[in-house]
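When a ligand or atom number is given, it counts from 1 through the structure's own listing order.
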Amino acid sequence: MSTRKPATIAVRTGIESDTQHHAVVPPIYLSTNYGFPAFGDVPKYDYTRSGNPNRGLLEQTLFELESGKGAVVTNCGTSALNLWVTTFLGPDDLIVAPHDCYGGTYRLFNTRAQKGDFKVLFVDQSDPQALAEALAHKPKLLLIETPSNPLVRVVDIAQVCQQAHQVDTLVAVDNTFLTPVYQKPLELGADFVIHSTTKFINGHSDVIGGVVITKTEQHAEDLAWWGNCIGATGTPFDSYMTLRGIRTLGARMRSHEEGATQILDYLKKHSLIERIYHPSLPEHPGHEIALKQQSGFGSMLSFEFAGNFEQLKTFVGALQLFSLAESLGGVESLICHPASMTHRAMGEAALAEAGVSQQLLRLSVGLEDPQDLIDDLEQAFNVILEDH
Ligand SMILES: Cc1ncc(COP(=O)(O)O)c(C=O)c1O
């Protein structure tokens with residue numbers, strides 16, 4: 001296992017690996033198929049759905065970053081989650097998922113469970129009683145999303161894995177918000193790590209992708225077989241682009257967090273903010289767990305807006321440096337209203353259950369100058385304050 005730090009793995013993996021022309025940066029292979037050296041002599045890559053040099057290199061980079069043994073890169077984060085459940089669940093098997101997970105994950109598991117593909121229980125994993133009750137059903141799989149989207153709730157990975165393993169439940173952690181730069185779930189006991197690489201891993205809001213990373217080679221083989229069978233794998237061009245984005249992962253994550261820290265300091269004092277959600281805040285539930293299992297707090301934060309709903313809309317509309325858009329983790333700053341955007345697929349009852357209110361706004365802090373971002377928030381708040 002590599003002892004190198006994530007920033008080094010992100011930059012160096014595959015550099016100078018081209019034996020034909022000695023290109024420093026590995027070239028892109030767009031070919032859909034590869035010649036057989038001789039009759040019956042199956043090459044490492046034969047057809048791009050099952051394997052491709054660019055996807056292989058991206059998989060290697062990702063599993064080395066997460067200290068895993070294998071990985072399957074998929075065409076989006078949702079298909080990574082779908083591949084995982086397809087590989088390991090049958091109609092009688094149960095998966096336990098967080099009640100406040102990403103809305104698309106909720107929709108995927110809920111819809112497939114309604115079709116009878118498997119059974120699902122959504123639980124508040126920070127509630128030990130609810131978790132123990134769910135595990136008493138001996139689920140085959142358990143998904144942790146920490147910090148969660150959008151309330152950045154923190155779940156104790158080591159503790160949940162230990163409890164889950166007692167009943168032979170395999171655990172995956174959706175590590176999209178922190179990346180291996182700030183959190184290494186496999187080292188804390190998880191069996192799989194899942195990413196929407198669309199977010200921080202690629203980091204430039206120009207490629208949709210996903211990955212399942214495994215602790216064992218056998219699980220990687222199982223996932224690769226199913227990935228090829230159902231056609232969930234990522235394309236060479238997307239893989240090339242994602243690896244290009246990964247090269248700067250260490251520097252980006254540090255810079256994102258620096259900006260978020262300054263913005264938090266500003267927001268904490270503002271009269272139009274009711275409550276802020278970020279794992280760095282001592283009053284945030286799970287702050288102590290974050291200190292234990294994360295090496296950084298990340299740059300995703302949410303807050304309850306203290307004005308009325310019309311004022312909230314005016315505030316969002318007045319912002320110039322925060323684009324009103326879904327997704328997260330890109331170089332550009334974004335603002336999102338989860339209840340009507342990313343999480344609307346959950347429906348009203350599930351949103352209420354997960355604590356996602358109409359007053360909640362989520363920020364993805366980008367890499368613009370933090371003072372410019374603060375000035376932008378200030379002028380947008382002032383539009384409301386001056387209106388009074
Ligand atoms: C935490 C998390 N997991 C998974 C996904 C799904 O990824 P994708 O949009 O790449 O399918 C998202 C998307 O926002 C997410 O935020």
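Every atom of ligand 1 with a heavy atom of Asn149 under 4.0 Å away is listed here by number and element: 16 (O). Distances below 4.0 Å separate heavy atoms of Thr198 from the following atoms of ligand 1: 10 (O). Those atoms of ligand 1 with a heavy atom of Gly209 less than 4.0 angstrom away are 10 (O).
In summary, of the residues considered (Leu264, Leu334, Ile263), a side chain to side chain contact (heavy atoms under 4.5 Å, CB included) with Val365 occurs for Ile263 alone. Just one residue in the list Val173, Thr214, Ile213 forms a side chain to side chain contact (heavy atoms under 4.5 Å, CB included) with Leu186, and that residue is Ile213.
In terms of protein heavy-atom proximity, atom 1 (C) of ligand 1 is nearest to Asp174 OD2, 3.5 Å. Among protein heavy atoms, atom 15 (C) of ligand 1 sits closest to Tyr102 CG, 3.7 Å.
Note on Arg344 versus Glu326: salt bridge recorded, some NZ/NE/NH1/NH2 to OD/OE distance being below 4.0 Å. Remark: Asp124 does not engage Arg153 in a salt bridge, criterion side-chain N to carboxylate O under 4.0 Å.
In terms of polar-atom proximity, defined here as any N/O pair under 3.5 Å, Ser79 makes no such contact with ligand 1. By the 3.5 Å distance cut-off applied to N or O atoms, Lys199 is counted among the residues near ligand 1. Considering backbone and side-chain atoms together, Gly77 places an N or O closer than 3.5 Å to an N or O of ligand 1. For ligand 1, the polar-atom distance check against Ser196 finds a nitrogen or oxygen pair separated by under 3.5 Å.
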For Phe88 and His219: C-alpha separation, side-chain torsions, deciding distance, then whether ring-ring contact (aromatic ring centres under 6.0 Å, His included) applies. CA-CA 9 Å; Phe88 296 104; His219 282 156; 5.2 Å; yes
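When ring centroids are compared, Phe305 and His337 stay outside the 6.0 Å threshold.
Considering only heavy atoms from C-beta on, Leu223 comes within 4.5 Å of Phe192 through its side chain.
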